[in-house]
Amino acid sequence: MFPLIKMSLKSRDNDDSFDGESTLKEELNKKIKEQKVVVDELSNLKKNRKVYIQQRNSNIFFLADRAQTLGSCKEELDNLKKELQEI
C-alpha cells in the first residue's frame with residue numbers, strides 16, 4: 001500500500017514541474033512575441049524619427065540612438081530565443 005502512495009506523489013511532483021515548465025515556456029513565448037513587435041516597429045521607423053528609452057523603475061524617458069536601440073532589442077530577442085531552446 002505504501003509504495004503506491006509514494007508513486008502517486010512522485011507522479012504529482014512530475015506534473016508540478018511540468019506545469020512550471022509549461023508556464024515558463026508560455027511566458028517566454030509571450031516575451032518573444034513582444035520583443036518581435038518592438039524590433040519590427042524600430043525597423044520600420046523613418047531614419048529621422050526620434051527614439052526614447054524609459055529609465056528603469058521610473059517614468060523618465062531619455063533620447064536614444066535608433067540604430068543602437070534596434071541592435072540591443074535584436075540581441076534581447078536572440079537571448080530570449082536561446083533561453084526558450086534550452087528549456
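Grouped with Val37 in a hydrophobic cluster is no other residue, since no side-chain heavy-atom contact under 4.5 Å to another Ile, Leu, Val, Met, Phe, Trp or Tyr is found.
Grouping the Ile, Leu, Val, Met, Phe, Trp and Tyr side chains by contacts below 4.5 angstrom, directly or via other members, places Leu84 with Leu24. Cluster membership check: Ile87 shares its hydrophobic cluster with Leu80, using side-chain heavy-atom separations under 4.5 Å among Ile, Leu, Val, Met, Phe, Trp and Tyr. Tracing side-chain contacts under 4.5 Å through hydrophobic residues (I, L, V, M, F, W, Y), one reaches Leu45 starting from Leu70; they form part of the same cluster.
By the neighbour-count criterion of 12 heavy atoms within 6.0 Å, atom CG of Asn57 is sparsely surrounded, having that number or fewer from other residues, nucleotides or ligands.
Residues in residues 31-42 take part in these salt bridge (Lys or Arg N to Asp or Glu O under 4.0 Å) pairs, two or more places apart or across chains: Glu27-Lys31.
Counting only distance, with no hydrogens or angles, the side chain of Gln68 and the backbone of Ser72 share no donor-acceptor pair below 3.5 Å.
For the pair Arg66 and Lys47, the tightest heavy-atom approach, listed with the atom from each and the gap, is NH2-NZ, 3.8 Å.
You'll find the side chain of Ile32 reaches within 4.5 Å of the side chain of Leu77, heavy atoms only.
The line from CG of Asn44 to NZ of Lys46 is 12.0 Å long, rounded to the nearest 0.5 Å. Atom CD1 of Ile53 and atom OG1 of Thr69 lie 4.5 Å apart (nearest 0.5 Å).
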